[in-house]
Number of protein chains: 2
Amino acid sequence: MTGRGEGPHGAPSSDGEAGDRRRLTSRSTLRPTMSDVARHAGVAPQTVSRTLRTPHLVSRETYERVQRSIAATGYVPNLTASSLASNRSMTVAVLIPAISTSIFADVLHGLDEVLSPHGYHLFIGSTDYDLDQEEQLTRTFLGRRPDGFFIVGTAHTETTTHLLLQSAIPVVEGWSLTPNPIGSVVGFSNIAAVHAITQAVVEKGYRHPTFAGSIREGDTRAVERSKSFELAVRELLPGEPVRIVNAGAREVEFETGRELSRRVLAEHPETDVLMFSSDIFAAGALFEFQQSGVKVPEQLGVTGFGDFEIARHISPALTTVAVPNRAIGTEAGRLLLRGMTEPDFMPQRIDVGFEVVLRQSA
Amino acid sequence: MTGRGEGPHGAPSSDGEAGDRRRLTSRSTLRPTMSDVARHAGVAPQTVSRTLRTPHLVSRETYERVQRSIAATGYVPNLTASSLASNRSMTVAVLIPAISTSIFADVLHGLDEVLSPHGYHLFIGSTDYDLDQEEQLTRTFLGRRPDGFFIVGTAHTETTTHLLLQSAIPVVEGWSLTPNPIGSVVGFSNIAAVHAITQAVVEKGYRHPTFAGSIREGDTRAVERSKSFELAVRELLPGEPVRIVNAGAREVEFETGRELSRRVLAEHPETDVLMFSSDIFAAGALFEFQQSGVKVPEQLGVTGFGDFEIARHISPALTTVAVPNRAIGTEAGRLLLRGMTEPDFMPQRIDVGFEVVLRQSA
DNA sequence: GCGACCCATGGCAGCGCTGCCAATTTGTGG
DNA sequence: CCACAAATTGGCAGCGCTGCCATGGGTCGC
């Protein structure tokens, strides 16, 4: 339609087509610019800019005239040009492992909720739990010159870390709480959380826990949780073997939970409580047990992680760890906001905590 | 840390700090630019650009030298400047009603999956089912000069439609299938889908269906579904009153489904099959009925919409309509891709279809 | 042996906006 | 009535990159 890259041939035929049409070099956008509005309003382009960005510096009269011209021309400010000129893009880059996982969707929601009212837009990319892809995405996202960067997890490639440090923009890492973050961190201690629920389970009288989850490389949060389980068992149940069943890179869905539950029953029949790395898996297991007739919690206890909505509706209701996903997003948003506006804001570390929720399943 | 906007005072003290440091005007980015790389490599900036964008036009030797200089300087191309100069932003704007709703997350996933490999990044905004907010977001998103636009739904304000038409970029509307779309449309017919499941239910022998869902203004898909139900009942069960229970703007979560189910039992005890606008509601109702002892499907049939994973795991397994959410995303991505690259690509209308899935709940 | 041609590289201008400063107008007090 | 300050507006340059064209040097053919 716009015939880009066509060169000048054919130009004569389209001469004088629509009277007032502006210059039509092959590069122009064909969309009204600030200058067009300025011409229409009889002011300088700069005044249009002021009308938009610092209206208090423009007389009431001029302000209204310019606004009318904006409406008349259908002008939509080009934020790309604005970014280049002002060195502020009003965007925040967001890197998450997977878009369609509900926990990350919650964080996105939280971030958007906080940043959107301040005019920031979100650039979202998913890394698929692949650190190299994360590095690649980090690089191109930084090319967009975002004003802030949110990234899930604290384990990155050396280059990713380096790029982020170099970028000189506020960075917030979500979820884990590392000792030496790039910028700010918002999350909770997976170690403490797993320890807490293991302790709760031991206090309930269970003695033979098995941990099950999808512990894929690259998903440090999952790795951390399984390590924490190991630590907790060694501490709380000395002498007890550490049983961990790993679904690898399987999707986090009910079906995987069912499979895991079958594997645990087969491989570790001595298990008296089955602890999952996610409520989704735990719910899947409960569905499985409902059908296969395993009585929960009488024969076998089950715990989850995350306190998703299903945890309190399924029966038996799920004992789990509640984690404030949404709050991670909103807190991260707030930190970014401060980092982007306050010149000497120091990175912070926010522990949003967690809570063991005891229900019927264990 | 970077002391931005500091002006020139204090400059002398930081003189000659790091030897090779570049000019430090208050406006500079302090990040290496193409010129820096060019200087380092002893070539012209244009050659650096070519190395990055059209490497086949550069000699092997030069290519490698420039690549080394890029690595040495830590250069990250500024895509903002690139966008402005080339009039292509390599971004796609995405407007969805709610980020954390799993169906929309699936579409996002599909879109990203298709577009990301081609270098496009996604700008995501949520409208909260509010058409005015949608208009506002459309305006500012267009300011980012995206190369393509994806928007959920086909009912927009007049201005939104106008803006999108004016934008002269490929637009894809998702979900509904309107007669006169802005650009392409990808979706399925809610009318046909609701009709089909109603028919299936009638064929099973149910005679007194009640429809329940959250039919908020602005959510045209929900409105459409409830209207379709009305049509289907009039056609398939002439004389039968049309019962619709509306949760309004309540969240789409299990709890709302439970409430709806209680309301239906109270307000329309004659109901023999309860048809929900979402599997989430239906699952919530099943949880409720499990506890209150209502036998499904013996006493009461239940159907959902969406065929979420829970539908086949919950017991009784849920009769529902399967909708290819992910496919909507990937198809939309493909259409956008073609629209953005093929000069005279004509908008298309893609019906991704649906499927009634009969299970035990009805 | 010289124009035709190709490949690789360089130079210029400009994308649409903003930061900064200058210029102009208007108001104020002595 | 004039110096001075405040309120508005305009002009210039430049953000970092790309499109286009020009340039230089080498190869080819007759």
Side-chain angles (χ1 to χ4, degrees), chain A residues 3-9 22-39 41-63 65-66 73 75-90 142-145, chain B residues 4-8 22-39 41-66 73 75-90 143-145:
Chain A
R4 56 209 198 70
E6 281 298 337
H9 65 263
R22 279 171 308 117
R23 84 265 160 224
L24 242 155
T25 78
S26 58
R27 304 184 53 194
S28 87
T29 329
L30 301 182
R31 307 203 61 186
T33 71
M34 203 166 251
S35 297
D36 297 317
V37 176
R39 205 174 309 130
V43 297
Q46 184 51 244
T47 301
V48 177
S49 175
R50 259 189 295 262
T51 303
L52 257 18
R53 314 182 65 248
T54 50
H56 58 280
L57 293 181
V58 172
S59 74
R60 176 128 208 93
E61 184 181 20
T62 307
Y63 176 86
R65 188 142 42 90
V66 171
T73 52
Y75 172 65
V76 177
N78 185 331
L79 300 183
T80 301
S82 172
S83 298
L84 184 59
S86 67
N87 199 22
R88 313 191 64 218
S89 64
M90 298 302 284
L142 283 177
R144 306 255 175 218
R145 297 294 187 268
Chain B
R4 56 211 198 72
E6 281 298 337
R22 280 171 308 114
R23 84 262 162 227
L24 245 154
T25 77
S26 59
R27 304 184 54 194
S28 89
T29 330
L30 299 182
R31 308 202 61 185
T33 73
M34 204 167 249
S35 296
D36 296 316
V37 176
R39 204 174 309 130
V43 296
Q46 183 52 244
T47 301
V48 177
S49 175
R50 260 190 293 262
T51 303
L52 256 20
R53 315 183 66 245
T54 50
H56 58 281
L57 294 180
V58 171
S59 74
R60 177 130 207 89
E61 187 181 16
T62 307
Y63 175 85
E64 273 160 14
R65 189 144 40 92
V66 171
T73 53
Y75 172 65
V76 177
N78 185 330
L79 300 184
T80 300
S82 172
S83 299
L84 184 60
S86 68
N87 197 24
R88 314 191 63 219
S89 65
M90 297 303 285
R144 306 255 175 216
R145 297 295 187 267

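Proteins get letters first, then strands, A, B, ... in listed order; numbering begins at 1 in each.
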- Message: Within the 4.0 Å limit for protein heavy atoms, which parts of nucleotides 21-27 of chain C are touched? Write it as a string from 5' to 3', B for base, S for sugar-phosphate only, - for none.
- Response: -------

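Phosphate contact (OP1/OP2 of D:dT18, side-chain N/O of B:Ser82, threshold under 4.0 Å): present.
Here C:dC15 presents its C1' atom at 15 Å from CZ of A:Arg31, a figure rounded to the nearest Å. Atom pair A:Arg65:CZ and D:dT9:C1' shows a separation of 11 Å (rounding to whole Å applied). A:His56 places its NE2 atom 14 Å from the C1' atom of D:dA6, with the value rounded to the nearest Å. With rounding to whole Å, B:Leu84 atom CG is found 10 Å from D:dT18 atom C1'. Atoms CZ (A:Arg88) and C1' (D:dG16) sit 19 Å apart, rounded to a whole Å. Here the P atom of nucleotide C:dT9 and the CZ atom of B:Arg60 are 13 Å apart, to the nearest Å.
Checked against D:dT9, D:dT18, D:dG16, the side chain of A:Val58 finds its nearest nucleotide in D:dT9.
For B:Glu64 and B:Arg60, the salt-bridge test passes: some basic side-chain N is under 4.0 Å from an acidic carboxylate O.
Contact annotation for A:Tyr63: no contact, since no heavy-atom pair falls under 4.0 Å across all strands. Counting any heavy atom pair closer than 4.0 Å across all strands shown, B:Pro45 reaches no nucleic acid atom.
Judged by distance alone, with hydrogens and angles left aside, B:Gln46 brings no side-chain donor or acceptor close enough to the base of C:dG10 to form a pair under 3.5 Å.
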